[in-house]
Asker: 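Let me give you the structure first, and then I'll get to my questions.
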Amino acid sequence: EAAVTQSPRNKVAVTGGKVTLSCNQTNNHNNMYWYRQDTGHGLRLIHYSYGAGSTEKGDIPDGYKASRPSQENFSLILELATPSQTSVYFCASGDLGANTGQLYFGEGSKLTVL
Amino acid sequence: AQSVDQPDAHVTLSEGASLELRCSYSYSAAPYLFWYVQYPGQSLQFLLKYITGDTVVKGTKGFEAEFRKSNSSFNLKKSPAHWSDSAKYFCALEGWGYQNFYFGKGTSLTVIP
């Protein structure tokens, strides 16, 4: 069974603080993604990666950095957290294309920035 | 530009009725289309996908979806609906060769027992 695990599951941070959300996958997928989910917006792509050492900007990258040090791990970094970044963040992995085309999601990380 | 539209933010129906959740997409090439479900407090789970071929695809939990190229739609269906189907449903499009997903805003379904 494909597995994606996120940590922490819940985080309360202060404005201006640094936050790191971590994601680990045991699927050996090349691609990994960070989304945020907000009411009225659905899922929006922040950053993604095609493999170890690569990171790409998604649709809403401002205020976020990403790091992919290995095939298994993909982190989302908020250097200076702001209240507008309060959200639920989902990590996903997948090898997209006609034969697979499925994303596997982690359980989500709820971030509250005060 | 790619986009996915789910025009109904909320749908409520009675158990035993037929459900149909609407999804339309905009994409210049042949799309790969998906439906995911999110139960309260949980993550997203894959339901089904359309890649090519048959216009009706079947997925897990008794769901199926019909792809209609003529009006760029990919509606999710199930009959009869069960109270346990209450969840949020997301339609998604994978851009061919782009390796990314575009999600609709989701439809929250409530099935009344």
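In what follows, chains are A, B, ... by sequence order, proteins preceding strands, each numbered from 1.
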Asker: So which part of A:Leu43 gets closer than 4.5 Å to some heavy atom of chain B, the side chain, the backbone, both or neither?
Answerer: both

Asker: Are B:Phe63 and B:Val11 linked, directly or through other ILVMFWY residues, by side chains that come within less than 4.5 angstrom of each other?
Answerer: yes

Asker: Hey, quick one: are B:Trp83 and B:Leu47 part of the same hydrophobic cluster, counting side-chain heavy atoms closer than 4.5 Å, chains of contacts allowed?
Answerer: no

Asker: Could you pull out the closest heavy-atom pair between B:Gln42 and A:Phe90, with the gap in Å?
Answerer: O-CZ, 4.3 Å

Asker: Working to the nearest 0.5 Å, report the span between CD of B:Gln45 and CD of A:Gln102.
Answerer: 10.5 Å

Asker: Tell me, for A:Glu56 versus chain B, whether the close heavy atoms (under 4.5 Å) come from the side chain, the backbone, both or neither.
Answerer: neither

Asker: Around atom NZ of B:Lys77, are there more than 12 heavy atoms of other residues, nucleotides or ligands at under 6.0 Å?
Answerer: yes

Asker: Determine whether A:Arg44 and B:Tyr102 make a side-chain contact, defined as any pair of heavy atoms from C-beta on separated by less than 4.5 Å.
Answerer: no

Asker: With a 4.5 Å limit on heavy-atom distance, are the side chains of B:Phe34 and A:Leu103 in contact?
Answerer: no

Asker: Run the ring-centre check on A:Phe105 versus B:Tyr36 and record whether the distance is less than 6.0 Å.
Answerer: yes

Asker: Please state whether the side chain, the backbone, both or neither of B:Gln6 comes within less than 4.5 Å of a heavy atom of chain A.
Answerer: neither

Asker: Relative to chain B, which of A:Gln37, A:Lys110, A:His41 shows the most heavy atom pairs under 4.5 Å?
Answerer: A:Gln37

Asker: Tell me, yes or no, whether the heavy-atom count around B:Lys78 atom NZ, taken from other residues, nucleotides or ligands under 6.0 Å, exceeds 12.
Answerer: yes

Asker: Tell me if the centroids of the rings in B:Phe101 and A:Tyr35 come within less than 6.0 Å of each other.
Answerer: no

Asker: Hey, quick one: are A:Val12 and A:Leu80 part of the same hydrophobic cluster, counting side-chain heavy atoms closer than 4.5 Å, chains of contacts allowed?
Answerer: no

Asker: Provide the full list of side chain to side chain donor-acceptor pair (under 3.5 Å) pairs with a residue in residues 6-15 of chain A, sequence neighbours left out, each pair given once.
Answerer: A:Gln6-A:Ser109

Asker: Is there a path from A:Tyr48 to A:Leu76 through hydrophobic residues (I, L, V, M, F, W, Y) whose side chains come within less than 4.5 Å of each other?
Answerer: no

Asker: Where the side chain of B:Ser43 meets the backbone of A:Gly108, is there a donor-acceptor pair that is under 3.5 Å apart?
Answerer: no

Asker: Answer with yes or no whether the hydrophobic clustering places B:Tyr89 together with B:Leu33; edges join I, L, V, M, F, W, Y residues whose side-chain heavy atoms lie under 4.5 Å apart.
Answerer: yes

